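What you are looking at is a predicted structure, and each value in this text was computed from that prediction instead of being measured.
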Amino acid sequence: MALLDSILITGGAGMLAHAFAEVCRARGVKANVVSRAQCDVTSVPAILSALDQFKPATVVNCAAYTKVDQAEIDRDAALTINGKAVGFLAEACRRHGVAMVHFSTDYVFDGTLMRPLRPNDPVRPRSMYGASKLLGEQMLREFAPARWLILRTAWLYGPGGPNFPQTMLNAARAGKPLKVIRDQVGCPTFTFDLAEATLNLLATDAQGIYHLSNSGSTNWFEFTQAIMREFGVTPTSLDSITSADWKQMRPQTANRPGYSVLDVTAYEQKTGKMMPDWRDGLRRYREMIG
């Protein structure tokens, strides 16, 4: 059975699973989307039950603990969902002869290597969230099915869940002053572009770790400026601050990498397709949500 013949998507209540469901529908790929209530990835019996019920060729794991700052406090939950559960899924997929795709993050890097980051670059997470996602990578590789992909992405946003653009727009429309960090550089990634790229990879013989984000780079402040322009919103005030300023205002927040632009060359060479620019992704997000 080809990997795109039948896909099981976990984490069905989240924005990435929402994008996958829509992209699969548009491309004629059979996909079953399961929520946590239908398949709790921290439960081995629940995973095995879902595999028996749906008999997929590929599991795409969109289930994740995504609250970066809260993970510093709720460490056990982050490590269980982002780490141990990935091992449960991987072992179940291996036993059932099912391929597996898992999403990781730019936050597995420490942000000190000032060039686009390649899949084989050294990892050193600066936060519990990053550490939990790295544990997930390690668990998948330890219990790996015959075919697997780890796809690191960055600054993810899209319809169907809380995200940075919507948070900024809500605050601006409410007349709140905006203070946004300018010294963290990365690349915003539209969920629909990530889903499209994942299916493109699954159509090849790709295996291992790939980086997938939109192309280009920006910082959070410039991204916020672009969001306001795209949506025609004029905030009461929009000021840039440093990571140190933010940490002083909110000392409990997690540390984030200063530079985490991902090098997507391996994906583009493997598929012969280019990742869209992040500005194009933002435009299509605006068109999608109106």
Side-chain angles (χ1 to χ4, degrees), residues 64-75 77-79 82 103-118 121-137 152-158 161-172 174 176-190 211-230 233 235-264 277-279 281-282:
Y65 184 105
T66 58
K67 298 176 181 178
V68 176
D69 294 326
Q70 186 63 27
E72 297 296 309
I73 301 166
D74 202 3
R75 300 163 69 96
L79 289 169
N82 291 343
F103 295 94
S104 191
T105 174
D106 58 323
Y107 284 15
V108 300
F109 297 105
D110 65 8
T112 59
L113 193 59
M114 303 300 290
R115 59 153 173 77
L117 299 161
R118 303 170 191 137
D121 280 330
V123 291
R124 191 168 72 90
R126 302 185 64 217
S127 65
M128 178 49 58
Y129 170 75
S132 72
K133 295 298 285 185
L134 181 57
L135 177 61
E137 292 188 14
R152 295 186 185 131
T153 192
W155 297 23
L156 200 62
Y157 70 94
N163 63 77
F164 182 81
Q166 197 59 57
T167 298
M168 292 295 100
L169 288 167
N170 291 346
K176 297 178 181 178
L178 304 180
K179 296 182 183 295
V180 187
I181 292 171
R182 67 173 180 268
D183 60 353
Q184 293 174 13
V185 178
C187 186
T189 304
F190 184 35
H211 285 176
L212 289 183
S213 71
N214 282 115
S215 61
S217 65
T218 187
N219 60 56
W220 290 112
F221 178 71
E222 291 175 351
F223 184 31
T224 304
Q225 289 179 311
I227 293 165
M228 298 302 145
R229 286 194 301 269
E230 187 64 51
V233 174
T236 301
S237 66
L238 174 54
D239 299 312
S240 68
I241 60 173
T242 66
S243 300
D245 295 332
W246 184 262
K247 194 72 173 175
Q248 190 169 20
M249 291 189 299
R250 301 190 180 188
Q252 300 305 313
T253 54
N255 292 316
R256 290 159 166 83
Y259 183 95
S260 60
V261 178
L262 299 177
D263 187 332
V264 299
D277 185 84
W278 68 267
R279 297 170 191 83
L282 180 61

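- Side-chain contact check for Thr218 versus Trp155: some heavy-atom pair is nearer than 4.5 Å.
- For Ala226, the side-chain contact (heavy atoms from CB on, under 4.5 Å) partners two or more places apart in sequence, or in a different chain, are Arg229, Trp278, Leu282.
- Inter-residue side-chain proximity for Lys67 and Asp74 is flagged as unmet; no heavy-atom pair is nearer than 4.5 Å.
- The backbone N or O of Leu212 sits less than 3.5 Å from a side-chain atom of Thr153, completing a donor-acceptor pair.
- In this structure, NE2 on His211 lies 8.5 Å from CG on Asp263, to the nearest 0.5 angstrom.
- Side chains of Met168 and Phe223 form no contact here, defined as non-hydrogen atoms less than 4.5 Å apart.
- Annotation for Pro177 and Ser237: closest pair CB-OG, 3.1 Å, computed over non-hydrogen atoms.
- Across all their heavy atoms, Asn163 and Pro165 have their closest contact at OD1-CD, 3.1 Å.
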Would Thr105 and Tyr129 count as a side chain to side chain contact (heavy atoms under 4.5 Å, CB included) if you check the C-alpha gap in whole Å, the side-chain angles of each, and the deciding distance to 0.1 Å?
-> CA-CA 9 Å; Thr105 174; Tyr129 170 75; 3.9 Å; yes

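- Among residues two or more places apart in sequence or in another chain, the ring pair (Phe, Tyr, Trp, His ring centres under 6.0 Å) test is passed with Tyr259 by none.
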Check step by step if side chain to side chain contact (heavy atoms under 4.5 Å, CB included) holds for Leu238 and Val180.
-> CA-CA 7 Å; Leu238 174 54; Val180 187; 3.8 Å; yes

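- Rounded to the nearest 0.5 Å, atoms OG1 (Thr253) and CD (Gln248) are 11.5 Å apart.
- Side chain of Asn170 to backbone of Thr167: no donor-acceptor contact under 3.5 angstrom is found.
- Lys133 has its side chain out of reach of Arg152: every pair of non-hydrogen atoms, C-beta onward, lies at least 4.5 Å apart.
- Counting heavy atoms of neighbouring residues, nucleotides and ligands inside a 6.0 Å radius, atom CZ of Arg250 does not exceed 12 of them.
- To the nearest 0.5 Å, atom CZ of residue Phe221 and atom CG of residue Asp239 are 7.0 Å apart.
- When every heavy atom of Ser127 is checked against every heavy atom of Ala254, the shortest pair comes out as CB-CB, 3.9 Å.
- For residues 177-189, the set of pairs meeting the side chain to side chain donor-acceptor pair (under 3.5 Å) definition, not counting sequence neighbours, comprises Arg182-Ser240, Asp183-Ser243, Gln184-Trp220, Gln184-Ser243.
- The pair Arg256-Asp69 counts as a salt bridge, with a side-chain nitrogen and a carboxylate oxygen less than 4.0 angstrom apart.
- Side-chain contact check for Asp245 and Thr242: at least one donor-acceptor pair (N or O, by modelled atom type) lies under 3.5 Å.
- Here the OG1 atom belonging to Thr66 is positioned 8.0 Å from the CG atom belonging to Asn82, to the nearest 0.5 angstrom.
- From Gln252, atom CD reaches atom CD of Gln70 across 10.5 Å, with rounding to the nearest 0.5 Å.
- Scanning for side-chain contact (heavy atoms from CB on, under 4.5 Å) contacts around Leu135 gives Leu79, Gln138, Met139, with sequence neighbours left out.
- Counting only heavy atoms from C-beta outward, the side chains of Val264 and Ser213 approach each other to under 4.5 Å.
- Here the closest heavy-atom approach between residue Gly216 and residue Val261 is recorded as O-CG1, 4.0 Å.
- Counting all heavy atoms, side chain and backbone alike, Leu262 lies closest to Pro116 at C-CB, 4.4 Å.
- Nearest heavy-atom pair across Ala172 and Pro235 is CB-CB, 4.0 Å.
- Evaluation of the salt bridge (Lys or Arg N to Asp or Glu O under 4.0 Å) test over residues 103-114, restricted to residues two or more places apart or in two chains, returns Asp110-Arg124.
- In terms of the side-chain hydrogen bond (donor to acceptor under 3.5 Å, both in side chains) criterion, residue partners of Arg279 (sequence neighbours excluded) are, by chain and number, Asp277.
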